[in-house]
Amino acid sequence: MNNFLLLVMNGLSYGALLFIVSSGFTLIFGLMRIVNMSHGVFYILGAYVSYTVQSRTGSWPFAVLVGTTAVGITALIVYQLINRVNGDLPRTLLTVGIANILADLCLWVWGGLPLTLRPPPELRKPVMAYGFVYPGFRSFVLVMAIVIAVGLWFLLHHTKFGRIVRAGVDNRWMVSALGINIELIFTMTFVLGGLLAGFGGAIGGSYLAFGPGTDFTILTYALVVVIIGGMGSLPGSAVGAIFVGLIDSFGRTYFSELAIFLLSGTLILVLAFRPQGLFGRAQ
């Protein structure tokens, strides 16, 4: 039973990390119709910058703050570049090129060895309940995902910005016709997605090693989460992240040779019966 609970918690904590990363991705995807292929690089950039800052200062919270902010600024620059190109496909291809450039820059600056941050001892204390012991930092990641989910829900459903974003998901041209500066909304949404990816990289890199190739792995999982959950759906991202996290945890333990197949099979089944995703709306 302890082993089963451990696998469940590992799946939930990994799913929590995927939700943090993919929640910003689904906002960008749902509102702007751009598949931001540089989202995975935002993740490792946040981890690398946080690692460097912690190495220099010794402060993990400050490192996370600087890493997240650096990725937010990078996302702003990337969006300005994307905004100069017309057409969804050319924009997506441009993000592919940006992702390759940033990944090569990270390899040049930080090398090819896997790295990890070191969270403070307070967050590494094991959590114990009814004889079950679980790493404290993974529990912290799970709590942070819940906080972010509640914060995004409040932002989208109880603020003017959220109403504009949800309206933009339905009909961005109508929102623009009403006199709302939709480009500013796009910019803020893109930067918010970058901040979430950078924050996810900082905390994910504190218990999972990161290095060259991590960006592609995270991007692939984020895409699967968004497709399963439904484009532009925050609850869908949460449910999709839980599915992916649990499938990855149990698959790697009991069916290590078929772990990727199980994930792909789940994606195929969802698309076969719900092409728009579990919580998505038919276009």
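What you see is a predicted model; the values in this text were computed from it and never measured. Heavy-atom basis, side chains included; hydrogens, waters and symmetry copies ignored. In this chain, residues are counted from 1 in sequence order.
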Identified side-chain contact (heavy atoms from CB on, under 4.5 Å) partner of Val141 from the options Leu17, Leu123, Leu12, Ile146: Leu17
Where Phe19 and Ala145 come nearest, the two heavy atoms and their spacing: CE2-O, 3.7 Å
Verdict with reasoning, Phe199 to Val64, per side-chain contact (heavy atoms from CB on, under 4.5 Å): CA-CA 7 Å; Phe199 179 72; Val64 173; 3.7 Å; yes
Could you tell me whether the side chain of Thr95 and the main chain of Asn36 form a donor-acceptor pair under 3.5 Å? no
Around atom OH of Tyr51, are there more than 12 heavy atoms from other residues, nucleotides or ligands closer than 6.0 Å? no
Looking at Ser237 and Thr26, what are the two nearest heavy atoms and their distance? OG-CG2, 3.1 Å
Between Tyr134 and Ser13, do the side chains contain an N or O donor and an N or O acceptor separated by less than 3.5 Å? yes
Please collect all ring-ring contact (aromatic ring centres under 6.0 Å, His included) contacts where either partner lies in residues 85-110, sequence neighbours excluded, each pair once. Tyr48-Trp110
Between Thr68 (side chain only) and Leu65 (backbone N and O only), is there a donor and an acceptor less than 3.5 Å apart? no
Please verify the inter-ring angle class for Phe137 with Phe140; under 30° counts as parallel, over 60° as perpendicular, anything in between as tilted. tilted
Answer yes or no: does atom CZ of Phe161 have more than 12 heavy-atom neighbours from other residues, nucleotides or ligands under 6.0 Å? yes
Centroid separation under 6.0 Å, is that true for the rings of Phe4 and Phe250? yes
Results of side chain to side chain contact (heavy atoms under 4.5 Å, CB included) for Val66 - residues two or more places apart only: Val49, Val53, Phe62
A side-chain contact here means heavy atoms from C-beta on lying under 4.5 Å apart; do Phe25 and Leu219 qualify? yes
Side chain Ser38, main chain Val41, donor-acceptor under 3.5 Å: no
Checking His39 side chain against Val21 main chain: does a donor-acceptor pair fall under 3.5 Å? yes
Keeping Ser249 on the side-chain end and Leu7 on the backbone end, is there a donor-acceptor pair under 3.5 Å? yes
